[in-house]
Participant: 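I'd like to ask some things about the structure below.
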Amino acid sequence: MHAYRTHTCGQLRKADVGQTVRLSGWVNRRRDHGGLIFLDLRDHYGVTQCVIEPDAAAFATVDSARSEWVLTLTGKVVARSDETVNKDLSTGEVELRIEQASVQSQAQELPLPVFGDHTYPEETRLTYRFLDLRRERLHKNIMLRANIVTSLRRRMVEQGFTEFQTPILTASSPEGARDFLVPSRRYPGQFYALPQAPQQFKQLIMVAGFDRYFQIAPCFRDEDGRADRSPGEFYQLDLEMSFVTQDDVFAAVAPVLAGVFEEFGQGKKVTPADEFPRIPYAEAMLKYGTDKPDLRNPIEIVDVSEIFGRAEVEFKAFKNKTVRAIPAPGAGPQPRSFFDKLNEWARGEGAAGLGYIQFEDEGGALVGKGPIAKFITGAALADMAKAAKVKAGDALFFSADAKADRAANLAGMARTRIGRELNLIPDGEYKFCWIVDFPMYEWNEDDKKIDFSHNPFSMPQFDRDKFLALDKGDNDTILGLKAYQYDIVCNGYELSSGAIRNHDPDVMLKAFEIAGYAREETEEKFKGMINAFRHGAPPHGGTAPGIDRIVMLLAGEENLREVTMFPMTQSAQDLLMNAPSPANPKQLKELHLRVVYPEK
RNA sequence: GGGGGCGUAGCUCAGUUGGUUAGAGUGUCGGCCUGUCACGCCGAAGGUCGCGGGUUCGAGCCCCGUCGCUCCCGCCA
């Protein structure tokens, strides 16, 4: 007989009755009846009830066992009587009558009970992650993650993609997030950087002629965390393709995502791969107030600046401002507190407030009610109701600001909030869309200069010769430029960001020049890549869906820690491994480093 | 860097207007119990109320500071 087990704890059935078997696992639960002890033995596969009576030789050993001890139990499989069958357990028709027991490992009093589905504070869970991972919820999530990754790999390979590994110790990139630096021992004062993404490598792989690349790629960014953004590191399904247009990338990626959501979505409705709506960035900002709209929310924002600008509308607070209207279907009869609460929330967000009108039917005519309704009457009211598609019984909220993007932003947050308050967001759906036509550049108000708006390696949607001839001071044209850049959004989460890349060295130097980088500087920083582009570069493009967020959505979780095996705290500490921690003097010396602590 | 929430027994939490010895559940330890599956019953041990300072006759509770966890803003091409 095997030293540890002949079966797993999830395996035994009625058909096994009469066999002598051996199981190993953790004590999930112990029920001591004095003359009779039940032990639920748990392993990766399941739970089996084991039982022993006082006259058995192994009784003393079993009697001493406590929660989470690791035991090896040998005995006969017996059928349970009809009254004692446990229908909630896959092994519930049988039990193990213990004949031999040995203790493989003991456990101290638990700082975090494994049994039960209670919630515990993050600090305890992270410090004792190995215990938390034994618990059903996390164990299930981590297995789901592994299965999703396996499925993604299979789907990618089936589409002709090949997985390649790219370096972890590499060079710093001047754009984007803060780098993690690794000091060089051999080159004093010099540093490697951990990749924020394998961006340049995957483009080089295309130049090298491999045609279709993918990788489950670790990415490192030294930025603060959020519930849907791990601090420090995360994983992407990184992919790149040669000789493709934007449509080709869409056609390759949408089926992979839709497929994996169909496979693991437990019957929830998924947008079909060929039906992901394409929403231009500008339209998303107007209709949803964000570039990652939750399309399950039926509310659509409309611009009503023109109506508030009319001479007969005398509501001074909204004059000469961008005013966005957020319809709240069915909210008309809500109590005053509903409106006050939203107004208070908006003030908390730094806005002046959130004006509103309630629409009612008065003898067949649509009338407005509420504090600012008296300013908007007649044609203005009718036009507004028509524009926002509201009717009697609905309400309309207003987000106004002298700056259009701030009005849009607040409207977007209000849309989400109102959708939730009114229960308009159905849970049983995964709604995908593409956000396309991102602006190439944006105005940086702090530095009074033009910046890349998203990915500096994207191809501008503009005639090549005209782009090369662009006057650097022609801000109107430059800020109007769009890029072949796109995101995939699902239920309000940005799942993926990608682009058709700029593979033309001249266009690239010009693109960086517009963003304020001297040609020599660009040549120096991206020497490898630009040099490669001068030796035969195929047109190429790709994207990189975030693995962690995909799993989070499919697991129905709202925090990435729930789908990450060993996450850090929000403040980027690993409480289990105790990282970061000080380096010893010898290490510092080898690395030519001296620590200068910040002044208090 | 900024704002909100939380921090009390191994664990999860309660703790009134500032007032005697800080409680419950669970776990742990001891006793009883042969059909439980959140087993049950009896008993016991277990506390730097995150930390430091202040106000007060008296602080878990009020004030100031600080640390940790968390959510959000900034940041995240």
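What you see is a predicted model, and the numbers here were worked out from it, not measured in a lab.
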Participant: Tell me whether the side-chain N or O atoms of R97(A) pair up with the base of G35(B) as donor and acceptor below 3.5 Å, since no angle test is needed here.
Facilitator: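 Answer is yes: a donor-acceptor pair is held.
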Participant: Just to be sure I understand: a Watson-Crick pair is purine N1 to pyrimidine N3 plus N6-O4 or O6-N4, both under 3.5 Å. Using that and G-U wobbles, which stems of three or more pairs involve RNA chain B?
Facilitator: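 Stem list for RNA chain B: B:1-7 with B:67-73, B:10-13 with B:23-26, B:28-32 with B:40-44, B:50-54 with B:62-66.
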Participant: Do Y213(A) and D238(A) get their side chains close enough for a donor-acceptor pair, meaning under 3.5 Å?
Facilitator: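 Yes, because at least one side-chain N or O of Y213(A) sits under 3.5 Å from a partner of the opposite role on D238(A).
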Participant: For R29(A), report the nucleic acid contact type (base, sugar-phosphate, nothing); a contact means any heavy atom under 4.0 Å.
Facilitator: sugar-phosphate
Participant: Please check this pair: side chain of T543(A) against backbone of S497(A), looking for a donor-acceptor N/O pair closer than 3.5 Å.
Facilitator: yes
Participant: To the nearest Å, give me how far apart CG (L575(A)) and P (G50(B)) are.
Facilitator: 19 Å
Participant: Identify each atom pair where a protein N or O and an N or O of nucleotides 30-34 of chain B are less than 3.5 Å apart, giving names and distance.
Facilitator:
unit_1 : atom_1 : unit_2 : atom_2 : d
C33(B) : N3     : D32(A) : O      : 3.3
C33(B) : N3     : G34(A) : N      : 3.0
C33(B) : N4     : D32(A) : OD1    : 3.3
C33(B) : N4     : G34(A) : N      : 3.1
U34(B) : OP2    : G35(A) : N      : 3.2

Participant: Base of G35(B), side chain of E95(A) - is there a donor-acceptor contact under 3.5 Å?
Facilitator: yes
Participant: Determine: side-chain N/O of R31(A) to OP1/OP2 of U36(B), distance under 4.0 Å, yes or no.
Facilitator: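 For U36(B), neither OP1 nor OP2 has a side-chain N or O of R31(A) closer than 4.0 Å.
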Participant: Can you find a pair of side-chain heavy atoms, one from Y441(A) and one from I514(A), that are under 4.5 Å apart?
Facilitator: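 Of all side-chain heavy-atom pairs linking I514(A) with Y441(A), at least one is under 4.5 Å.
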Participant: Would you jot down, in residue-number order, the residues of residues 227-241 of chain A having a non-hydrogen atom under 4.0 Å from RNA chain B?
Facilitator: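 Within this stretch, A227(A), R229(A) sit under 4.0 Å of the strand.
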Participant: Can you find a donor-acceptor pair, distance only, under 3.5 Å between Q49(A) side chain and U36(B) base?
Facilitator: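 Under the 3.5 Å cut-off, the side chain and the base do form a donor-acceptor pair.
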Participant: Tell me: CD of Q573(A) to P of C67(B), nearest whole Å?
Facilitator: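 Rounding to the nearest Å, CD of Q573(A) and P of C67(B) are 13 Å apart.
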Participant: On RNA chain B, compare the nucleotides closest to M568(A) and Q199(A); which residue's is nearer the 5' end?
Facilitator: M568(A)
Participant: Would you call R66(A)-E109(A) a salt bridge at under 4.0 Å N-O?
Facilitator: no
Participant: Who are the salt bridge (charged side-chain N to carboxylate O under 4.0 Å, His left out) partners of R415(A), not counting sequence neighbours?
Facilitator: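 In terms of salt bridge (charged side-chain N to carboxylate O under 4.0 Å, His left out), with neighbours along the sequence ignored, R415(A) is linked to no residue.
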Participant: C1' atom, U56(B) versus G60(B): distance in rounded Å?
Facilitator: 16 Å
Participant: L126(A) CG to G68(B) P: how many Å, rounded?
Facilitator: 15 Å
Participant: Can you check whether T569(A) has a side-chain N or O nearer than 4.0 Å to OP1 or OP2 of C69(B)?
Facilitator: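 For C69(B), OP1 or OP2 has a side-chain N or O of T569(A) closer than 4.0 Å.
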Participant: On RNA chain B, check which nucleotide each of T84(A) and Q570(A) is closest to and give me the residue with the more 5' one.
Facilitator: T84(A)
Participant: Roughly how far apart, to the nearest Å, are G68(B) and G52(B) at atom C1'?
Facilitator: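 Rounded to whole Å, the distance is 15 Å.
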Participant: Could you work out the separation of G30(B) and G4(B) based on their P atoms and round it to a whole Å?
Facilitator: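 About 49 Å, rounded to a whole number of Å.
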Participant: Just N and O in the side chain of R347(A): are any of them under 4.0 Å from OP1 or OP2 of G3(B)?
Facilitator: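 Checking G3(B) against R347(A), no side-chain N or O comes under 4.0 Å of OP1 or OP2.
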Participant: Could you give the CZ-to-P distance, from R417(A) to C71(B), as a whole number of Å?
Facilitator: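 R417(A) atom CZ is separated from C71(B) atom P by 17 Å.
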Participant: Under a 4.0 Å threshold between the charged nitrogen and the carboxylate oxygen, would D401(A) count as salt-bridged to R324(A)?
Facilitator: no
Participant: Please evaluate the base of C75(B) for a donor-acceptor partner in the side chain of D224(A) within a cut-off of under 3.5 Å?
Facilitator: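 Side chain to base: no pair present.
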Participant: Checking all strands, does S458(A) fall into the base, sugar-phosphate, or nothing category for heavy-atom contacts under 4.0 angstrom?
Facilitator: nothing
Participant: For E562(A), check side-chain contact (heavy atoms from CB on, under 4.5 Å) against everything at least two apart and list the hits.
Facilitator: R125(A), R137(A), L138(A), N141(A), E557(A), N559(A)
Participant: State which residues pass ring pair (Phe, Tyr, Trp, His ring centres under 6.0 Å) with F191(A); sequence neighbours excluded, sorted by chain then number.
Facilitator: none
Participant: Could you measure between the two C1' atoms, the one in A22(B) and the one in G15(B), and give it in whole Å?
Facilitator: 8 Å
Participant: Name all residues meeting the ring pair (Phe, Tyr, Trp, His ring centres under 6.0 Å) criterion together with Y281(A); count only those two or more places apart in sequence or in a different chain, and write none if there are none.
Facilitator: F438(A)
Participant: Can you tell me if R135(A) uses its side chain to pair, donor with acceptor, with the backbone of G116(A) under 3.5 Å?
Facilitator: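 Flag set: sc R135(A) to bb G116(A) pair under 3.5 Å.
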Participant: Between G47(B) and G5(B), how far apart are the two C1' atoms, rounded to whole Å?
Facilitator: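 Comparing C1' positions in G47(B) and G5(B) gives a spacing of 25 Å.
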Participant: Going by ring pair (Phe, Tyr, Trp, His ring centres under 6.0 Å), name the residues that satisfy it together with F38(A), two or more places apart in sequence or in a different chain.
Facilitator: H33(A)
Participant: Counting any heavy atom closer than 4.0 Å, what does Q108(A) reach on the DNA or RNA strands: base, sugar-phosphate only, or nothing?
Facilitator: nothing
Participant: If you measure from the P atom in C33(B) to the same atom in C69(B), how many Å do you get, rounded?
Facilitator: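 It works out to 49 Å between them.
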Participant: When you check the phosphate oxygens OP1 and OP2 of C73(B), does a side-chain N or O of R226(A) lie under 4.0 Å from one of them?
Facilitator: yes
Participant: What closest approach, in Å, do Y486(A) and G542(A) show between heavy atoms, and which atom pair accounts for it?
Facilitator: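 Scanning both residues completely, I find the closest heavy atoms to be OH-O, 2.9 Å.
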Participant: Rounding to the closest angstrom, what is the interatomic distance between G19(B) and G65(B) at atom P?
Facilitator: 25 Å
Participant: So F462(A) and F467(A), would you call those rings parallel, tilted or perpendicular, with 30° and 60° as cut-offs?
Facilitator: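 F462(A) and F467(A): perpendicular rings.
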Participant: Can you see if the side chain of R30(A) gets near the phosphate of A38(B) - specifically, an N or O under 4.0 Å from OP1 or OP2?
Facilitator: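 Indeed not, no polar side-chain atom of R30(A) lies that close.
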Participant: Can you say whether a donor on the side chain of R125(A) sits under 3.5 Å from an acceptor on the base of C69(B), or the other way round?
Facilitator: no
Participant: What pairs with D222(A) under salt bridge (charged side-chain N to carboxylate O under 4.0 Å, His left out), at least two apart in sequence or on another chain?
Facilitator: none
Participant: Could you tell me whether S67(A) contacts a base, only the sugar-phosphate backbone, or nothing, with contacts defined as non-hydrogen atoms closer than 4.0 Å?
Facilitator: nothing
Participant: Please measure how far the C1' atom in U28(B) lies from the corresponding atom in U34(B), and state the result in whole Å.
Facilitator: 25 Å
Participant: Suppose we screen for side-chain contact (heavy atoms from CB on, under 4.5 Å). Which residues come up paired with D228(A), at least two apart in sequence or across chains?
Facilitator: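 For D228(A), the residues satisfying side-chain contact (heavy atoms from CB on, under 4.5 Å) (neighbours in sequence not counted) are R226(A), Y493(A), R549(A), M552(A).
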Participant: Give a yes/no answer on whether the side chain of N559(A) brings an N or O atom under 4.0 Å of OP1 or OP2 in C71(B).
Facilitator: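 So the side chain of N559(A) is within the cut-off, an N or O lying under 4.0 Å from OP1 or OP2 of C71(B).
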Participant: Under 3.5 Å, which protein N or O atoms sit close to an N or O of nucleotides 4-15 of chain B? Give each pair with its distance.
Facilitator:
unit_1 : atom_1 : unit_2  : atom_2 : d
U12(B) : O2'    : H118(A) : NE2    : 2.5

Participant: So what does E122(A) touch, heavy atoms closer than 4.0 Å: a base, only the sugar-phosphate, or nothing?
Facilitator: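 Touches sugar-phosphate only.
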Participant: L96(A) CG to U36(B) C1': how many Å, rounded?
Facilitator: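 In whole Å, U36(B) C1' lies 16 Å from L96(A) CG.
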Participant: Please work out which of the three classes, parallel, tilted or perpendicular, describes the rings of Y120(A) and H118(A), given edges at 30° and 60°.
Facilitator: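 The arrangement is tilted - the two ring planes meet at 30° to 60°.
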Participant: Rounded to the nearest angstrom, tell me the gap between atom CD in E68(A) and atom C1' in U28(B).
Facilitator: 15 Å
Participant: Would you please name every residue forming a side-chain hydrogen bond (donor to acceptor under 3.5 Å, both in side chains) with S24(A), sequence neighbours left out?
Facilitator: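 If we apply the side-chain hydrogen bond (donor to acceptor under 3.5 Å, both in side chains) test to S24(A), skipping adjacent residues, the hits are T72(A).
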Participant: Measure the distance from CG on L39(A) to P on G35(B) and round it to the nearest whole Å.
Facilitator: 17 Å
